[in-house]
Protein chains: 2
Amino acid sequence: MITIKDVAKEAGVSVATISRVLNNSPGVSDETRERVLSVIKRLNYNPNLLGRNLRRMETKMVLVLLPTISNPFYARIVKGIEDVAQKNGYGVMLCNTDSNIEREKMYLELLKNRLSDGVIFMAPEMNKEELNEIGEKYAVVQCCEYKEGANVSHVSIDNYKASYKAVKHLIGLGHRHIGLISCKNNFLSTKHREEGYKSALEDSGIPFNPGYIRYGDYSFKSGFRAAQGLLNDHKEITAIFAISDIMAIGAIKACYENGLKVPDDIGIVGFDNISFAPMYNPSLTTVSQPKYDIGCTAMELLIKQIENKGGNKENIVLEHELIIRHSTVK
Amino acid sequence: MITIKDVAKEAGVSVATISRVLNNSPGVSDETRERVLSVIKRLNYNPNLLGRNLRRMETKMVLVLLPTISNPFYARIVKGIEDVAQKNGYGVMLCNTDSNIEREKMYLELLKNRLSDGVIFMAPEMNKEELNEIGEKYAVVQCCEYKEGANVSHVSIDNYKASYKAVKHLIGLGHRHIGLISCKNNFLSTKHREEGYKSALEDSGIPFNPGYIRYGDYSFKSGFRAAQGLLNDHKEITAIFAISDIMAIGAIKACYENGLKVPDDIGIVGFDNISFAPMYNPSLTTVSQPKYDIGCTAMELLIKQIENKGGNKENIVLEHELIIRHSTVK
DNA sequence: CATATTAATGTAATCCGTTACGTAAAATAT
DNA sequence: ATATTTTACGTAACGGATTACATTAATATG
C-alpha cells in the first residue's frame with residue numbers, strides 16, 4: 001500500500017508538506033504543490049483516512065437509523081439528509097434497525113466508538129432516559145418521530161393539526177361515520193393523530209365512538225384487516241382515515257373485496273404521501289409531510305451540533321399539506 | 001474522553017492487558033479479567049475503534065451502493081446482506097448513488113480510503129474497465145445487475161429464462177399480441193429480459209413486432225405513458241409484459257384510464273415482486289427473485305473475498321419464480 | 001549592511017489500540 | 001532438587017496522517 005511516506009520520498013519533500021497539499025493548507029509553494037500532486041497521481045495514492053480520522057478524532061460520517069428502508073416514506077427524507085450532508089463534506093450511513101432495540105443499540109456503538117460523528121433517529125426505540133444519555137455526549141437529532149420531553153433536538157410536523165385537517169376534509173364531504181385505523185405503539189405521532197381525529201369530530205358536533213378505532217401495525221395486511229373489521233361491525237361507516245398510506249391502501253383493497261366502491265361508497269384518507277399514493281387505484285388522498293425539507297433540516301441541525309460541540313437543542317416544526325385525490329372525491 | 005490508558009491505570013495493569021480483555025485474547029487470569037471488566041463498566045469506557053482500525057487496517061464495514069432506496073425491490077436484498085453481515089461482525093453502510101456516476105465514485109472513495117473493507121454494487125454505473133480496476137485491488141461483488149465480462153463476482157438470477165417464462169405464461173392464457181415495456185439502458189438484465197420476450201414469442205410461432213416494444217425508465221409515469229402509447233397504436237394488444245413492477249403498475253393504471261379492465265381485457269405481468277405487487281388492485285402477476293437469498297449470497301461472497309484477501313471470483317445464479325396473481329387471471 | 005519579517009519546509013510528538021517480544025513467577029516434568 | 005514449560009503479565013514499536021514548533025532561506029526595512 002502506498003502511504004504518505006512513499007509520496008514524500010518520491011517527491012523529495014517531508015510528509016508534512018504532503019499533508020499540507022492534501023488538505024489545501026497554506027505554506028506550500030506553487031511549484032512544490034504541483035510536483036506533489038503529480039507524484040500523488042502517478043503513484044495512484046489514496047490517503048488512508050483511518051490515520052487522519054484518528055488524529056482529528058472525527059470521521060465526517062453520520063448515522064441515520066431508520067426502522068426499515070422498505071417504507072417508501074423515508075426515501076425523500078433520506079435524500080434531503082444526503083444532499084445537505086454532501087454539501088458539507090459528510091457521508092451518510094443508513095442503518096436498518098428493524099424497529100429492534102438491540103439492533104438500534106448495536107448501531108449506536110458506531111457513535112460511541114467514534115466511527116460516526118452524529119446520529120439522526122427516524123423513530124427511536126429506546127426510552128427517553130437512554131436517549132437523553134446519548135444526547136448529552138453525542139450529536140443527536142430526532143426526525144419525524146420523537147420522544148416527548150427528551151432533551152434532544154427534533155424536526156417534525158404538527159401531527160395533531162394534520163390529522164385534524166384530514167378528518168375535517170372528510171366531514172366537509174358530508175361524512176358523519178368515520179373510522180380510524182391507528183396503531184398501538186408509543187409514538188407521539190400516533191397519539192397526536194388520534195387526538196386530531198377526536199377533536200375534528202367533536203368540533204363538528206359528531207360524537208366520538210370508540211368502536212370506530214381499529215389498530216394495525218403500519219402494514220398493508222393490518223390495514224386490510226382493520227378495515228374489514230370496521231366494515232363488518234359498523235355498516236354505517238362511509239369513510240376511513242388511516243394514519244399511514246400503506247394501511248390506507250390495505251383499507252381500499254378491503255373495501256373492494258366487500259363490494260364497496262372508493263370513493264363512491266367509502267372515502268379513504270391516508271397519511272405520509274408515499275410515492276405510491278398517486279399511483280394507486282384510486283389515487284390516495286393523504287397528508288403530505290415536507291419530507292425533503294425535514295431531511296435537510298435534520299441534517300443541518302446535526303451539523304450545527306457536531307461543529308459547535310453540543311449545545312444547540314432546537315425543535316423545529318414544518319408545515320404539512322392535505323393532498324386531495326380520488327380516494328375521497330371523484 | 002476515557003482511553004485505554006485511563007482504564008489501565010485505574011485497574012492497575014498495562015494497556016496490553018486491557019487490550020487482551022477487550023479482544024478476548026488468551027493470557028489474562030480470570031481474576032484480572034473480572035477486575036478490568038468492572039473498571040471498564042465503571043468508567044463507562046468505549047474503545048475508540050479509530051485506533052484499532054488503523055492498527056489492523058480494517059474497519060469491519062462494507063459499502064452497499066444502490067441506485068435509490070425508493071425502489072422497494074432493494075429492501076429484501078438489503079435485509080439479506082445485513083443479516084449475514086451482522087452474523088459475521090460486519091456493519092453495513094447503505095449509499096444512494098442516484099444512478100449518478102459521480103456519486104458512485106464519491107462513495108468508492110470510502111473504499112480507497114480504507115473506511116470500508118469491501119463493496120456490493122446493486123447496479124454499477126461505471127464501465128467494465130473501471131470496475132475491473134476496483135475489483136483488482138478491493139473486495140467487490142455485483143448483486144442482481146452486473147457488467148458482462150467484468151472480472152468481478154456477481155450474484156443474480158437468469159433474467160433470460162425468467163422473462164421467457166413470464167411471456168410463455170401470457171401465451172398460455174391465449175394472448176397473441178403482447179406488448180413489452182422495457183428500458184433504454186445498458187443493463188444486462190434489460191437485454192436478457194428483451195431476449196427472453198422475443199424467444200418466447202418465436203418459440204410459439206408468434207412473429208416479433210418491433211412496434212410492440214416501448215421504453216420507460218422504471219418509473220410509474222414512464223410505465224403509464226408506455227402503456228398508453230401501446231394501447232393507442234395497437235388496439236389488438238391484449239397483454240403487456242413490463243420489466244419492472246412499478247412500470248407494470250403504471251401500465252395497469254393506463255389500462256383503467258382507457259376503459260380497459262385488467263385482467264378481463266388486458267393481462268399484465270411485471271418483474272421483481274416488490275412488496276406492493278400483492279397490494280395492488282388487481283394484485284400483480286410478476287417474476288419473483290429470491291431477494292433475501294441474493295442478498296445473503298452476495299454478502300457471503302464478499303466476506304470470503306475480504307478474508308481471503310482477493311482471489312475467489314465466483315458467479316452465482318439463483319432460481320426465480322413466476323407468481324401468478326389477478327392481473328393475468330381472475 | 002544589519003536586523004526584522006515572511007515564506008517554505010522539516011522534525012517529531014501525537015491520536016488510540018494492537019501485538020511482537022521479553023520477563024518473571026508459577027507450574028510441571030524429570 | 002533441578003530443568004523445562006506454561007502462565008500472566010509488561011514494554012515499546014507500530015499503523016498513517018496531522019500539526020505545533022523549529023529551522024532555513026529569502027525578502028523587506030531602517
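Numbered from 1 within each chain, the chains take letters A, B, ... in sequence-line order.
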Side chains of residues 143-151 of chain B: which donor-acceptor pairs under 3.5 Å do they make with residues two or more places apart or in other chains?
unit_1: B/Glu145; atom_1: OE1; unit_2: B/Ser189; atom_2: OG; d: 2.7
unit_1: B/Glu145; atom_1: OE2; unit_2: B/Leu188; atom_2: N; d: 3.3
unit_1: B/Glu145; atom_1: OE2; unit_2: B/Ser189; atom_2: N; d: 3.0
unit_1: B/Glu145; atom_1: OE2; unit_2: B/Ser189; atom_2: OG; d: 3.2

Using atom types as modelled, flag every donor-acceptor pair under 3.5 Å from a side chain in residues 5-17 of chain B to any protein atom, sequence neighbours excluded.
unit_1: B/Asp6; atom_1: OD2; unit_2: B/Thr3; atom_2: N; d: 2.7
unit_1: B/Glu10; atom_1: OE2; unit_2: B/Arg42; atom_2: NH1; d: 3.1
unit_1: B/Ser14; atom_1: OG; unit_2: B/Ala16; atom_2: N; d: 3.3

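Near DNA chain D, meaning a heavy atom under 4.0 Å away, the residues from residues 42-55 of chain B are B/Gly51, B/Leu54, B/Arg55. Near-neighbour residues of DNA chain D inside residues 16-31 of chain B, defined by a heavy atom below 4.0 Å, number-ordered: B/Ala16, B/Thr17, B/Arg20, B/Gly27, B/Val28, B/Ser29.
The existence of a salt bridge linking A/Lys87 and A/Asp83 is excluded, since no basic side-chain nitrogen approaches an acidic carboxylate oxygen closer than 4.0 Å.
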N/O contacts under 3.5 Å, protein versus nucleotides 24-28 of chain D?
none

Might you list the N or O atoms of the protein lying below 3.5 Å from N or O atoms in nucleotides 22-27 of chain C, with each pair's distance?
none

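The backbone N or O of A/Ile157 lies less than 3.5 Å from no partner atom in the side chain of A/Gln289, so there is not a single donor-acceptor pair. At distances below 3.5 Å, not a single donor-acceptor pair connects side-chain atoms of B/Asp272 with backbone N or O atoms of B/Ile274. Judged by distance alone, the side chain of B/Asn100 and the main-chain N or O of B/Glu102 form a donor-acceptor pair under 3.5 Å. Using modelled atom types, one side-chain atom of A/Asn96 and one backbone atom of A/Ile69 make a donor-acceptor pair closer than 3.5 Å.
Around the CG atom of B/Asn186, the shell of radius 6.0 Å holds no more than 12 heavy atoms that belong to other residues, nucleotides or ligands. Within a 6.0 Å sphere centred on CG of B/Asp217, other residues, nucleotides and ligands contribute more than 12 heavy atoms.
The two residues A/Ser153 and A/Leu301 make their nearest non-hydrogen contact at CB-CD1, 4.1 Å.
Between its opening and closing five pairs, the helix from C/dC1-D/dG30 to C/dT30-D/dA1 changes axis direction by 40°, a value rounded to 10 degrees.
Sorted by first and then second residue, the salt bridge (charged side-chain N to carboxylate O under 4.0 Å, His left out) pairs involving residues 49-65 of chain A (not counting sequence neighbours) are A/Arg56-A/Glu58, A/Lys60-A/Glu307. Sorted by first and then second residue, the ring pair (Phe, Tyr, Trp, His ring centres under 6.0 Å) pairs with a member in residues 40-97 of chain B form an empty list; sequence neighbours excluded. Note on residues 30-40 of chain B: pairs passing side-chain hydrogen bond (donor to acceptor under 3.5 Å, both in side chains), not counting sequence neighbours, are B/Ser29-B/Thr32. Sorted by first and then second residue, the side-chain hydrogen bond (donor to acceptor under 3.5 Å, both in side chains) pairs involving residues 110-126 of chain B (not counting sequence neighbours) are B/Thr59-B/Asp117.
For A/Glu130, the salt bridge (Lys or Arg N to Asp or Glu O under 4.0 Å) partners at least two apart in sequence or on another chain are A/Lys105.
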